[in-house]
Amino acid sequence: MNRLKNKIVFISGASSGIGMACAHAFAPEGAKLILAARRKERLDQLAVELKEKFNTEAEILSFDIQNYKEIKESFASLPEEWKDIDILINSAGLAKGMQKLNEGSPEDWDVMIDTNVKGLLYLTREVLPYMVKRESGHIINLGSTAGHDVYPLGNVYCATKFAVNAISQSLRIDLLDKSIKVSSVDPGMVETEFSVIRFFGDVERAKNVYKGVEPLTPQDVADAILYCATRPKHVNINEIILTPIAQAQSNFVVRKAT
Ligand code: 8X3
């Protein structure tokens, strides 16, 4: 439909799940994509596919989002004309483990905090000065229902998503005078690699999370993100909370017998 013709869209976490779905949703709109993640081969493959299907121009950035130095160097390596990013989609994020705090693993906490909170801050820190200079741009953060209502054993993961919620709100205030939009897209249950990663590769346990529920797909979430990105210039979507029809918030889910 070409609503984003020649807009430069930076997607973190683009090698899987919601990030990858965003790449597929934004490419047909004529956007130029910066695809970022750790797994370079996956990004290369994605770029080839989007080039064939939509003639998408893409740059690939491979870095560990937990490492500020890598992000800084990687961003600096972009061709100058690609640094004026129109839309930053902060979709990299993950959960590790589900335990009571007294039984939890500090290593897992570090990974969640370093990815979901610090990684988002690091990347935004690099991209934002260019938006501020142009007084134009849009930051879209991937939050979660877990950033609105905590749930049992969710402690640190929920804390990271509450932090994302706070960062989105305060960015919106701080950037008011710069005409930069800030949106937060906050899904409930989405079936991606999320639960498999959370449960350290235990596919059966991951499947159980969505048992008896038709979860959101990554495409459903990408669609909400695209909606935020395609509003008229004067409209900012502050927040979209979306859940499967069988879910009200983090703690209320109705499951059908299977
Ligand atoms: C993902 C939603 O409820 O699985 O952020 O934590 S939940």
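Here, residue 1 is the first one in the sequence, and each next residue gets the next number.
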Open item on the list: Applying side-chain contact (heavy atoms from CB on, under 4.5 Å) to Asn90 and Leu142, what does each step give before you reach the verdict?
Closed with: CA-CA 6 Å; Asn90 276 314; Leu142 198 82; over 6 Å; no

Open item on the list: Show, in sequence, the C-alpha distance, side-chain angles and deciding distance for Cys22 and Leu33, and conclude whether the side-chain contact (heavy atoms from CB on, under 4.5 Å) test is met.
Closed with: CA-CA 10 Å; Cys22 284; Leu33 301 180; over 6 Å; no

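- More than 12 heavy atoms of other residues, nucleotides or ligands sit less than 6.0 Å from atom CD of Gln99.
- By the rule that hydrophobic residues join a cluster once side-chain heavy atoms approach within less than 4.5 Å of another member, Val9 and Ile240 end up as members of one cluster.
- Judged purely by atom type and a 3.5 angstrom limit, Ser74 has no side-chain atom pairing as donor or acceptor with the backbone of Leu61.
- A side chain to side chain contact (heavy atoms under 4.5 Å, CB included) with His138 is found for one member of Lys181, Met131, Lys7 and no other, namely Lys181.
- Side chain of Asn165 to backbone of Gly147: a donor-acceptor contact under 3.5 angstrom is found.
- In this structure, the side chains of Gln169 and Arg172 come closer than 4.5 Å at one or more pairs of heavy atoms.
- Counting non-hydrogen atoms of other residues, nucleotides and ligands closer than 6.0 Å to CD of Glu214 gives a total of 12 or fewer.
- In this structure, Ile65 CD1 and Leu123 CG are separated by 5.0 Å, a value rounded to the nearest 0.5 Å.
- From Ile60, atom CD1 reaches atom CG of Leu46 across 7.0 Å, with rounding to the nearest 0.5 Å.
- Minimum interatomic distance between Thr217 and Asp220 (heavy atoms only, all atoms of both residues): N-OD2, 2.8 Å.
- Within the model, atoms CG of Asp177 and CD of Glu135 stand 7.5 Å from one another, a figure rounded to the nearest 0.5 Å.
- Of all non-hydrogen atoms in Ala37 and Leu43, the two that sit nearest each other are N-CD1, 3.5 Å.
- Val190 and Pro218 get closest at one heavy-atom pair: CG1-N, 3.8 Å.
- Here the side chains of Leu242 and Val185 are in contact, with some heavy-atom distance below 4.5 Å.
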- [ ] In sequence, state the C-alpha distance, the side-chain angles, and the governing distance for Thr230 and Leu4, and then conclude on side-chain contact (heavy atoms from CB on, under 4.5 Å).
- [x] CA-CA 7 Å; Thr230 50; Leu4 298 171; 4.2 Å; yes

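- Across Glu29 and Ala25, no two heavy atoms sit closer than the pair CG-O, 3.7 Å.
- With rounding to the nearest 0.5 angstrom, the CG atom of Leu153 is 7.0 Å from the CG atom of Asn155.
- Annotation: Phe252, atom CZ; neighbour count of heavy atoms from other residues, nucleotides and ligands within 6.0 Å does not exceed 12.
- When side chains are defined from C-beta on, Val156 counts as touching Leu101, because their heavy atoms get closer than 4.5 Å.
- Between the Ser12 side chain and the Ala92 main chain, a donor and an acceptor come within less than 3.5 Å of each other.
- Across Phe194, Trp109, Phe162, a single residue satisfies ring-ring contact (aromatic ring centres under 6.0 Å, His included) together with Tyr157, and that is Phe194.
- Taken to the nearest 0.5 Å, the CG atom of Asp202 stands 13.5 Å off from the CD1 atom of Ile197.
- Between Lys118 and Ile113 the shortest side-chain heavy-atom distance falls below 4.5 Å.
- No continuous path of hydrophobic side-chain contacts links Ile11 to Ile167 [ILVMFWY only; heavy atoms under 4.5 Å].
- Considering only heavy atoms from C-beta on, Lys161 stays 4.5 Å or farther from Asp186 through its side chain.
- Within the 4.5 Å cutoff, side-chain heavy atoms of Leu94 are placed close to those of Asn116.
- Residues Ser62 and Arg38 share a closest heavy-atom pair of OG-O, 3.1 Å.
- Every residue two or more places apart in sequence or in another chain was checked for a ring-ring contact (aromatic ring centres under 6.0 Å, His included) with Tyr210, and none qualifies.
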Open item on the list: The test is ring pair (Phe, Tyr, Trp, His ring centres under 6.0 Å); show your working for Tyr130 and Phe10 and say whether it passes.
Closed with: CA-CA 13 Å; Tyr130 289 84; Phe10 191 125; over 10 Å; no

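- Gln66 places no side-chain N or O within 3.5 Å of a backbone atom of Asp114 that could act as its donor or acceptor partner.
- The minimum heavy-atom distance linking His24 with Leu50 is given by the pair ND1-CD2, 3.8 Å.
- With Asn238 contributing its side chain and Ser184 its backbone, the two residues share no donor-acceptor pair below 3.5 Å.
- One finds the NZ atom of Lys51 at 6.0 Å from the CD atom of Glu57 (value rounded to the nearest 0.5 Å).
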Task: Intermediate values then yes/no, ring pair (Phe, Tyr, Trp, His ring centres under 6.0 Å), Tyr122 and Phe63 - done: CA-CA 12 Å; Tyr122 294 156; Phe63 55 71; over 10 Å; no

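- Leu88 and Leu35 fall into different hydrophobic clusters, where Ile, Leu, Val, Met, Phe, Trp and Tyr are joined by side-chain heavy atoms under 4.5 Å apart, directly or via other members.
- Residue pairs satisfying the salt bridge (charged side-chain N to carboxylate O under 4.0 Å, His left out) criterion with at least one member in residues 75-91, sequence neighbours excluded, are listed as follows: Glu80-Lys83, Asp84-Arg134, Asp86-Arg134.
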- [ ] Decide side-chain contact (heavy atoms from CB on, under 4.5 Å) for Asn208 and Phe199; before the verdict, give the C-alpha distance in whole Å, the side-chain angles of both, and the deciding distance to 0.1 Å.
- [x] CA-CA 11 Å; Asn208 265 332; Phe199 299 129; over 6 Å; no

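- In this structure the side chain of His148 reaches within 4.5 angstrom of the side chain of Glu239, judged on heavy atoms.
- Linking Ile, Leu, Val, Met, Phe, Trp and Tyr whenever their side-chain heavy atoms come within less than 4.5 Å leaves Ile140 and Ile34 in two separate clusters.
- Within the 4.5 Å cutoff, side-chain heavy atoms of Met98 are placed close to those of Tyr151.
- Side-chain atoms of Ser105 come within 3.5 Å of backbone N or O of Glu107 as a donor-acceptor pair.
- Side chain of Glu59 to main chain of Trp82: no donor-acceptor pair is present (N/O by atom type, distance under 3.5 Å, no hydrogens or angles).
- With hydrophobic clusters built from ILVMFWY side chains whose heavy atoms lie under 4.5 angstrom apart, Val253 does not share a cluster with Leu216.
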